[in-house]
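To start, the structure itself, in structure tokens.
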2 protein chains.
Amino acid sequence: MRIGDLAEKSGLSTDTLRYYEKIGLLPKPLRDAGGRRVYDETILRWIDFLARLKSTGMGISKRQQYAELRTKGAASLKARRTMLEEHRRKVSEDMAALTEMLTVLDEKIDLYKKMEAGETVDPAFDNCARTEHGAPPGLKGRTDDNRTGEGSHADPET
Amino acid sequence: MRIGDLAEKSGLSTDTLRYYEKIGLLPKPLRDAGGRRVYDETILRWIDFLARLKSTGMGISKRQQYAELRTKGAASLKARRTMLEEHRRKVSEDMAALTEMLTVLDEKIDLYKKMEAGETVDPAFDNCARTEHGAPPGLKGRTDDNRTGEGSHADPET
DNA sequence: TTACAGGTTGGAGCGCACTCCAGGTCAAGC
DNA sequence: GCTTGACCTGGAGTGCGCTCCAACCTGTAA
């Protein structure tokens with residue numbers, strides 16, 4: 001398997017594959033007689049896991065760290081597990097934030113629908129600044145000023 | 001409220017606040033006699049929502065788009081709602097990916113624990129490359145070569 | 001044998017999202 | 001009056017994560 005094939009199978013560009021190799025995310029592959037990289041199918045498993053780490057918010061430097069540990073074989077099992085456990089915590093925190101955002105969006109979309117329908121909506125119901133449980137401190141539900149008629153009155157982003 | 005106070009309350013740096021203003025994420029605030037920015041508390045609601053959009057994966061250019069719509073008042077309600085609905089889809093997709101990653105991590109962490117305990121584990125149970133439902137096509141569970149004794153045999157990342 | 005697709009290297013360039021800095025202004029307190 | 005600290009502007013610099021490029025090499029097929 002040459003780099004072009006791997007690019008196709010992995011979804012990464014050849015440039016990216018070489019870049020990942022350069023920064024140590026991918027192990028240096030064997031070369032054929034002409035000096036071209038030759039890959040084993042198994043590299044796809046690793047690339048896939050790397051992609052998953054990336055898409056769930058692990059940056060390059062952490063992935064580099066993990067990749068370096070990986071090259072050390074069984075001696076690094078514990079260290080790798082620790083990194084994975086840490087990442088697990090991060091992922092589950094991110095999920096909580098996303099869950100909350102879904103609620104915020106749903107409420108906001110609903111508010112917009114009502115406003116589009118011409119209903120007068122109390123801006124106190126606007127959720128754009130709410131924190132985990134209710135509105136942040138120091139903010140009143142109503143803005144009270146600039147309620148000078150159509151246009152800005154009851155805008156969900158005021 | 002001056003920019004320093006807002007920085008403290010919002011958690012953004014004064015540089016970032018000015019930067020956000022420059023690129024249109026934040027409306028141009030009033031100035032005092034000395035030319036210094038003066039903010040209304042209500043800006044915090046907007047900053048908070050922007051932060052939420054950002055932390056749930058909306059990039060600057062989309063946020064700029066949204067912010068620009070916001071300046072157009074009621075006329076842009078529908079367009080804004082459309083953007084929010086689109087973002088909602090993205091967020092819920094991201095959540096699905098995170099959920100899946102949690103499973104992958106849990107299985108992998110478990111595998112590591114077993115290996116640390118010295119158990120011989122069949123690499124077929126390794127999940128690092130699995131797709132939505134099972135292992136990707138074209139990959140055997142076992143690698144078969146380089147099983148030359150301790151160290152690389154049954155490594156979860158081979 | 002010559003065209004051509006696909007590979008090699010090193011290094012430059014880019015878009016995002018800030019972050020920092022120089023050199024200046026302004027207002028309050030001593 | 002003078003210092004101090006917060007603020008101002010424009011612009012340069014940074015780190016991440018690629019992406020592109022020039023110049024060259026290799027193997028195959030017409």
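All chains are named by letter (A, B, ...) in the order of the sequence lines, taking the proteins before the strands, and each is independently numbered beginning at 1.
- Listed by chain and residue number, nothing satisfies the salt bridge (charged side-chain N to carboxylate O under 4.0 Å, His left out) test with A:R2 (two or more places apart in sequence, or in another chain).
- In terms of the salt bridge (charged side-chain N to carboxylate O under 4.0 Å, His left out) criterion, residue partners of A:K90 (sequence neighbours excluded) are, by chain and number, A:D94.
- Of all the residues in residues 6-32 of chain B, B:R18, B:R31 reach under 4.0 Å from DNA chain D with at least one non-hydrogen atom.
- Expressed to the nearest 0.5 Å, how far CD of A:E100 lies from CG of A:L105 amounts to 11.0 Å.
- Scanning for side-chain hydrogen bond (donor to acceptor under 3.5 Å, both in side chains) contacts around A:T56 gives A:H87, with sequence neighbours left out.
- Protein atom CG of A:L50 is 17 Å distant from nucleotide atom P of D:dC16, rounded to whole Å.
- In this structure, B:K108 satisfies the cation-pi test against A:F49, with its NZ or CZ atom closer than 6.0 Å to the six-membered ring centre and inside 45 degrees of the ring normal.
- With sequence neighbours excluded, no residue satisfies salt bridge (charged side-chain N to carboxylate O under 4.0 Å, His left out) with A:D5.
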Scan nucleotides 28-30 of chain D against the protein and return all N/O pairs shorter than 3.5 Å with their distances rounded to 0.1 Å.
none

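- Of the residues near DNA chain C, B:A33 and B:S61, the one whose nearest nucleotide (by heavy atom distance) lies more toward the 5' end is B:S61.
- Along DNA chain C, read 5' to 3', the first and last nucleotides having any atom under 4.0 Å from a heavy atom of chain B are C:dA17 to C:dA27.
- Nucleotide D:dC7 holds its C1' atom 8 Å from the CD1 atom of B:I3, rounded to whole Å.
- For B:E68, the salt bridge (charged side-chain N to carboxylate O under 4.0 Å, His left out) partners at least two apart in sequence or on another chain are B:K72.
- Residue A:R36 places no side-chain N or O under 4.0 Å from the OP1 or OP2 atom of D:dT26.
- Atom pair A:R37:CZ and D:dT26:C1' shows a separation of 15 Å (rounding to whole Å applied).
- Between A:K54 and D:dC18, a side-chain N or O to OP1/OP2 separation shorter than 4.0 Å is present.
- The side-chain hydrogen bond (donor to acceptor under 3.5 Å, both in side chains) search around B:E21 returns B:R37, not counting sequence neighbours.
- Applying the side-chain hydrogen bond (donor to acceptor under 3.5 Å, both in side chains) criterion to B:E85, with sequence neighbours excluded, gives B:R81.
- Residues satisfying the side chain to side chain contact (heavy atoms under 4.5 Å, CB included) criterion with B:E93, sequence neighbours excluded, are absent altogether.
- Listed by chain and number, the residues in a side-chain hydrogen bond (donor to acceptor under 3.5 Å, both in side chains) with B:T99 amount to none (sequence neighbours excluded).
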